[in-house]
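The block underneath contains the structure these notes are about, expressed in C-alpha cells.
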Amino acid sequence: MILKVENLHKYYGYGRKNVIKAVNGVSFEVQEGDIFALLGLNGAGKTTTIRCILGLCKKDSGDITYNGKYKIAYVPEGKDLYGSYKVKKMIEITKSITQEFDENKCLKYINEFKIPQNERVLSLSNGQKTQLYLSLVLSQKADLYIFDEPTWGLDPVVRNRILDMIKAIPLEGGTVFYTSHILSEVERVADKVAIMHQGRILEIGYLDDIKESFCAVTIERSASKSSTVPEIDGYLYKSTEGEDIYIVKKAYAEERHLDFQPVPFEVLFEALVLGQKSQEQDKTV
Amino acid sequence: MWFAIDFSSHTPVYVQIKDNIKASILSGKLKTGDYIPSIRNLAKDIGVNINTVARAYRELEIDGVIRPQRGEGYVVVGVQSEQIREELKDELLKLLRKCKASGIKHDELIEVVKKVYSGNGGEEFDT
C-alpha cells in the first residue's frame with residue numbers, strides 16, 4: 001500500500017445552510033504499481049481530494065497515510081508555469097528546487113516532444129505546455145505520481161502520447177493516481193477506478209471486476225408496478241415505452257432469475273451517477 | 001506478441017488477454033513448451049497495466065493452460081481439455097436457451113440433468 005485515505009471530509013463555506021460537502025467521507029487505498037483513476041463529473045470532489053492528499057488544503061477530518069520513500073510528484077489541473085521564462089530556464093529552476101531530478105531524462109522528453117528550448121513558456125501552445133509540465137514532473141524520481149485531468153484540452157495525438165507516458169510509469173516501478181471525466185480514456189489507462197459523485201465514492205475496485213459485476217435487466221413496466229414483483233434493487237438507466245432498464249449487480253440478477261445483458265462501462269457509469277442523483281432528489285422532496 | 005485490446009468492450013481486459021493467448025495456442029502459433037512473453041513485456045506490447053496481465057496469467061495457470069518455469073517465465077502446457085469443456089458448455093447453453101424459448105420448464109430440465117449425473121439412463125455420458 002502506497003497511499004491510504006480514510007474517511008476524508010472537506011467542507012467549504014460557513015454556517016449551517018451554505019456548507020458545500022466537497023469531500024464527504026471518502027476512503028480508498030492505492031497499491032504499488034496501480035494506475036488508479038478517480039472518476040467523476042465536474043464538481044464531484046476529485047480535485048479537492050487530491051489537494052487534501054498533497055496538503056494543499058486543510059482537511060476537516062479523516063486520515064491520509066503516504067508510504068513512499070520520495071516526495072509525491074504532481075501535475076495540477078491548471079498547467080501554469082512561469083510564462084516569461086524560457087523553457088531552458090524552466091528546466092534549470094525545476095532542477096534547483098526538486099530533489100532527485102534527472103535533467104538528462106527531462107531533456108530527452110523535451111527533444112522527443114520537439115519543444116523549443118529557447119522559446120518562452122507563454123508562447124508555447126496548450127499541448128506543448130502540458131508536455132513541458134509532464135516532462136518536468138516525470139523527470140522527478142517519485143513513488144507516486146498524481147495527475148489532475150492530465151489530458152484536458154489536448155488533441156488526440158498528443159493525448160495518446162501523454163497516456164502512453166502515464167501507462168509506462170508502473171513499468172519503471174512507479175504508481176499513478178489521476179483524475180478524469182473522460183471514460184474512454186480511463187478505460188484505456190487505469191486498472192483500478194473509483195467513481196466519485198457529490199463528494200462520495202459510489203463504486204471502487206478493479207475496472208475489470210466492476211465491468212463483470214454489473215449487468216442490465218429489462219423489466220416490463222406493468223410487471224414492475226404489480227404488487228407481486230418487488231422493486232428492483234439497482235439504478236434505473238433508461239425507460240422505453242413499456243420497459244424500465246436497470247443496472248444491477250450480476251449476482252442479484254442471477255439470484256432473482258432475471259435475464260441480463262452485459263453493459264459497457266460508459267452505461268454503468270451513467271446509470272450509477274444519474275441514478276444516484278435521482279435517489280437524492282427523492283429524499284429531499 | 002501483439003493483439004488488439006478493445007478497452008471499451010464489456011468483456012474485461014484480463015479475459016480478452018486470456019482468450020487471445022488461448023486462441024494462439026489453438027491455432028498453433030504457440031505450442032506446448034513454448035515460452036509466452038513475460039508479464040512486463042506483454043503489458044508493454046499491448047498497452048495494458050502489469051497488474052491486469054498478471055491476473056490473466058494467474059488465471060491461465062489455474063486453468064492449466066500455462067505454467068511458471070522457475071525464474072524464466074511462463075511456458076504453454078496446452079489448451080485441449082479445458083477448451084473442449086468450454087465448447088461443450090457453450091453448446092449446452094445454446095440448447096438450454098432453445099429449451100427455455102420453447103417453454104420447457106426449469107424443473108423439467110433439472111430432472112434431465114439429475115438423470116444423467118446419477119447414472120440412470122445416462123450411461124453414455126459417464127466420465
Side-chain angles (χ1 to χ4, degrees), chain A residues 2 30-37 160-178 182-193 205-216 247 250 254 256-269 271, chain B residues 1-22 37-60 62-63 73 89-90 93-110 113:
Chain A
I2 190 135
V30 182
Q31 309 290 339
E32 284 87 353
D34 278 350
I35 297 186
F36 188 112
N160 285 343
R161 180 77 188 90
I162 300 289
L163 293 180
D164 285 343
M165 283 168 83
I166 293 175
K167 272 193 200 178
I169 291 174
L171 294 170
E172 289 178 19
T175 304
V176 179
F177 179 83
Y178 90 104
I182 305 165
L183 294 166
S184 56
E185 182 183 306
V186 167
E187 285 190 278
R188 280 192 45 201
V189 177
D191 57 343
K192 224 182 227 174
V193 298
Y206 282 102
L207 186 55
D208 277 353
D209 286 341
I210 294 177
K211 273 189 195 175
E212 262 185 332
S213 65
F214 284 93
C215 60
I247 304 301
K250 206 183 262 176
E254 279 167 351
R256 303 274 301 267
H257 303 294
L258 299 165
D259 279 336
F260 60 87
Q261 303 173 46
V263 280
F265 185 61
E266 216 175 321
V267 169
L268 183 71
F269 176 81
Chain B
M1 187 183 236
W2 186 84
F3 41 81
I5 293 289
D6 181 359
F7 290 100
S8 58
S9 162
H10 54 70
T11 307
V13 173
Y14 82 93
V15 175
Q16 293 184 43
I17 297 171
K18 284 178 68 180
D19 290 347
N20 272 293
I21 290 178
K22 282 198 241 172
S38 70
I39 291 172
R40 204 188 140 79
N41 282 344
L42 187 63
K44 224 179 189 171
D45 292 348
I46 61 173
V48 163
N49 199 281
I50 306 176
N51 292 336
T52 308
V53 179
R55 179 173 184 185
Y57 279 20
R58 207 159 53 233
E59 293 207 357
L60 284 170
I62 292 167
D63 295 345
K89 275 197 248 168
D90 276 351
L93 198 69
K94 277 179 208 150
L95 203 58
L96 284 173
R97 288 209 177 105
K98 271 190 209 163
C99 290
K100 191 180 174 187
S102 50
I104 299 175
K105 293 269 173 352
H106 177 249
D107 289 347
E108 285 179 64
L109 284 171
I110 292 296
V113 173

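Naming: A, B, ... by sequence-line order, numbering from 1 per chain.
- B:K18 has a carboxylate O that lies under 4.0 Å from a charged side-chain N of B:D63, or vice versa, which qualifies the two as a salt bridge.
- By the side-chain hydrogen bond (donor to acceptor under 3.5 Å, both in side chains) test, B:Q16 pairs with no residue at all, sequence neighbours left out.
- Here A:D209 is the residue among A:V189, A:D209, A:L268, A:V267 with the most heavy-atom pairs under 4.5 Å with chain B.
- By number of non-hydrogen pairs under 4.5 angstrom with chain B, the leading residue of A:I210, A:D34, A:L183 is A:D34.
- Ranked by non-hydrogen atom pairs under 4.5 Å with chain B, the options A:K167, A:E212, A:Q31, A:E266 are led by A:E212.
- A:V193 and A:V186 get closest at one heavy-atom pair: CG1-CG1, 3.6 Å.
- Contacts of A:Y178 classified as ring-ring contact (aromatic ring centres under 6.0 Å, His included), with partners at least two apart in sequence or in another chain: none.
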